[in-house]
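Right, one structure below, let's go through it.
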Amino acid sequence: MSNWMPMRKWLSVVIVAWAAMPVAALDNGIGLTPPLGYNAYDHVGCCANETTMMEQGQALIDTGLHALGYKYVNMDCGWIGGRHSNGTLFESPTKFPHGMRALADWLHSRGLLLGVYSDRGTHDFSGSGFGMKGHEVQDAQWMASVGVDYLKVDDMSGVPHTEAGAYTDYATIRDALNATGRPIFFSTCGHSGDSDGHAAAYPWVGPKCGELANACRIASDVRFWGSGTFGTNKAVNVMAMYGGNWSHAGSWPDPDLLFSYKPVGPSGSSSTCKGAGVLEYCTGSFCDPVATHAVTQFALWAISAAPLLLSFDVRALSPTELAHVYGNPEIVAVNQDADEHGRGTPGGRRVAGEDFPETEPAAQVPNLCGPQSFTENRTGVQVVGLHCANVSTQAKCVAACCASPGCTTWQWNPNYSPNGQPISQCTDDGDYGPCWIGSGKVRGPSASWIGGSIAPAPSNQNTNVWARNLFNGSTALLFINNGANARVITCDEACLKLAGLDMDTTYAVRDLFARKDLPDTTLGKAGLSTPSLVPPDAGSIFLKLTPTR
């Protein structure tokens, strides 16, 4: 019927052959399709507590998202209270007064699952000295005993900071989790190894993910659509390089959390929350203020078979967002596509277009440590961050942030200096120190940068088409316009062939965002064009084609 059918059989042979190889793997029987749920990091940073988790879990139920498969409720950094004298972990008694077991029971009784966070080294992002290094078995057993269902392990303090170092530590944690007998979804968040020419991305992770974990981060944090260290482009380009080949049941390359396009967190400092200070998200780096960016990110993550973890206040989702985006059952079904045994099918692949740019001109922004170069983002959010090792107390770290124009985030960790920088040296070269401050510079009324120069306008030719062949014979197609002007995008004859679609075949066409049928189409040499102009600046149109015979 289409070129995809024999390809599917060929891929099945390859996957079966691969699975038969004597390679160690995470043998927990879960993650057969990408995980769906909530993660606290972009929403409340390291400040998640018992109330946050219960509110967001209940929101998944109340919005109907849970019925679609959104079941994980994951906290990130900042939950650990310490270790007992025997080395056993305990949760923060302030944030989790009833204990982790009680929270797990509350979630489980509602059909939800609990996720926690740690690090492969000795400390995590929140500044706690309680990473898993040397405690892998002990921590895994404790997590299993309190009912944890999902574990994300960061790479903030892993040593050595290499591919081999990360692989070894993650394999140790994998084996410790296997030994508990409890199926805990294991997600790595590695930042080690060769970036292979990409901006803060780590392409080696995808091919190795099946040996290590249920999901593996392939790039640094994604906080907005676009280029730069924290932009989506580096992750999108790596996923395009994979071509869906490393996305399979039980193991999913992870391009990071789903961001919001509206304020998602508290504004103001918190004197009781360790690891996070002033969090002004939509003027900082934790959300993207352009609606098309968040919508297209969700669609692209869905067609790529990536984890869909909402990192914003689920309670704030509008009826339109629920009906047509995050709670759209047809788009979620594309992400969760599976065979007759419930095993997820290969992820989507780019079939037209080129890589999006990963770097942009940098601006010199004055800060406490002197001039330093920072990447900008054309959406209107500029991410700026530096570590200052000459700040000797938490109070001075907060004061340093408050004294810096535009500073919106501070974090203090007196033990965090893996590169051995002396406390008296100001590390303006990117090395870590105990005080981290960051800021978000926003565009002024004249569209000029405050503290920098605006990046060039995007090219009108910068478009992508992505395809995923679904198990029932349908094909999902996502058209992305990353240019400056609205335009029709065409998947030409070569694009259609790469998408596994047959020429001279009639297809029923479904608009997935609008959730409505479009007129049938017979594919020919002219290709398939979008039914309308695709909006600019990461606008998208999402179609599903199903053969009529």
Side-chain angles (χ1 to χ4, degrees), residues 23-32 35 37 39-40 48 53 71-92 95-96 99-105 107-108 112-126 128-159 165-190 192 205 208-217 250-252 254 307 309:
V23 176
L26 181 64
D27 184 21
N28 60 12
I30 58 176
L32 299 184
N39 180 285
M53 301 293 283
K71 58 185 179 181
Y72 288 105
V73 185
N74 300 345
M75 63 191 77
D76 212 89
C77 48
W79 67 269
I80 299 175
R83 293 189 185 276
H84 295 293
S85 58
N86 65 358
T88 303
L89 284 171
F90 62 88
E91 59 282 277
S92 165
K95 295 178 181 176
F96 302 94
M100 199 63 71
R101 177 78 253 184
L103 176 60
D105 289 345
L107 292 169
H108 294 164
L112 299 166
L113 300 175
L114 172 65
V116 299
Y117 163 101
S118 190
D119 193 274
R120 74 175 178 96
T122 57
H123 57 264
D124 64 23
F125 183 71
S126 69
S128 79
F130 310 110
M132 296 187 75
K133 191 70 171 180
H135 295 274
E136 293 88 349
V137 171
Q138 189 176 34
D139 289 358
Q141 291 174 343
W142 180 85
M143 292 173 190
S145 72
V146 299
V148 168
D149 305 291
Y150 189 115
L151 172 62
K152 170 185 171 183
V153 180
D154 212 337
D155 191 8
M156 300 302 295
S157 62
V159 178
Y167 187 98
T168 298
D169 286 346
Y170 285 136
T172 300
I173 297 168
R174 171 202 66 201
D175 295 343
L177 292 172
N178 276 342
T180 69
R182 179 177 179 79
I184 298 176
F185 190 105
F186 181 32
S187 172
T188 68
C189 184
S192 296
V205 174
K208 297 290 186 179
C209 188
E211 302 171 20
L212 290 173
N214 298 117
C216 300
R217 276 278 294 281
S251 183
W252 308 98
D254 178 10
L309 297 175

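Side chains included, hydrogens not; waters and symmetry mates left out as well; all remaining heavy atoms used.
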With a 4.5 Å limit on heavy-atom distance, are the side chains of H108 and L113 in contact? yes

Looking at D119 and M156, would you say the former's side chain and the latter's main chain have a donor-acceptor pair under 3.5 Å? yes

Among T188, D76, D254, the one residue meeting side chain to side chain donor-acceptor pair (under 3.5 Å) with K152: D76

After noting the C-alpha distance and the side-chain angles of F90 and H84, does the key distance pass the ring pair (Phe, Tyr, Trp, His ring centres under 6.0 Å) rule? CA-CA 7 Å; F90 62 88; H84 295 293; 4.7 Å; yes

Derivation of the side chain to side chain contact (heavy atoms under 4.5 Å, CB included) call for Y117 and N74: CA-CA 8 Å; Y117 163 101; N74 300 345; over 6 Å; no

Does R182 reach the side chain of M143, with side-chain heavy atoms less than 4.5 Å apart? no

Drop me the distance from I30's CD1 to F186's CZ, to the nearest 0.5 angstrom. 11.5 Å

Looking only at heavy atoms, what is the nearest atom pair of M75 and F96, with distance? SD-CZ, 3.6 Å

G165 backbone acceptor or donor facing R120 side chain under 3.5 Å: yes

Nearest-0.5 Å distance, OG1 of residue T168 to CG of residue L212: 9.5 Å

Of the non-hydrogen atoms in S251 and G210, which two are nearest, and what is the gap between them? OG-N, 3.1 Å

So which heavy atom on D155 is nearest to which on S192, and how close? OD2-OG, 2.5 Å

Spacing of CG belonging to L89 relative to CD belonging to Q138, to within rounding of 0.5 Å: 7.0 Å

With side chain to side chain contact (heavy atoms under 4.5 Å, CB included) as the criterion, how do M132 and L151 come out once you've worked through the C-alpha distance, each side chain's angles and the decisive distance to 0.1 Å? CA-CA 12 Å; M132 296 187 75; L151 172 62; 4.1 Å; yes

If I take atom OG from residue S118 and atom CG from residue D154, how far apart are they, to the nearest 0.5 angstrom? 9.0 Å

Contact check, side chains of L112 and M53, non-hydrogen atoms, under 4.5 Å: no

Ignoring hydrogens and angles, tell me if any N or O in the side chain of E136 forms a donor-acceptor pair with the backbone of G134 under 3.5 Å. yes

Those residues at least two apart in sequence (or on a different chain) that pass disulfide (SG to SG under 2.5 Å) with C189 are none

Ignoring hydrogens, what is the shortest heavy-atom contact between K95 and S92? Give both atom names and the distance. N-OG, 3.2 Å

Please work out which of the three classes, parallel, tilted or perpendicular, describes the rings of Y150 and Y72, given edges at 30° and 60°. perpendicular

Between C209 and A215 the two heavy atoms that sit nearest each other are SG-C, 3.8 Å

Could you please spell out the steps behind the side chain to side chain contact (heavy atoms under 4.5 Å, CB included) verdict for D149 and F185? CA-CA 6 Å; D149 305 291; F185 190 105; over 6 Å; no

Go through the side-chain N and O atoms of R101 and S145 and say whether any donor and acceptor fall under 3.5 Å apart. no

Is there a donor-acceptor contact under 3.5 Å from the side chain of S157 to the main chain of H123? yes

Working for side chain to side chain contact (heavy atoms under 4.5 Å, CB included), residues D124 and I80: CA-CA 10 Å; D124 64 23; I80 299 175; 4.1 Å; yes

Could you verify whether a donor N or O on one side chain and an acceptor N or O on the other, from N28 and N214, lie under 3.5 Å apart? yes

Mind checking what makes ring pair (Phe, Tyr, Trp, His ring centres under 6.0 Å) contact with Y170, not counting sequence neighbours? none

Between M100 and L114, is any pair of side-chain heavy atoms under 4.5 Å apart? yes

Least distance between heavy atoms, W252 atom then P35 atom: CD1-CD, 4.5 Å

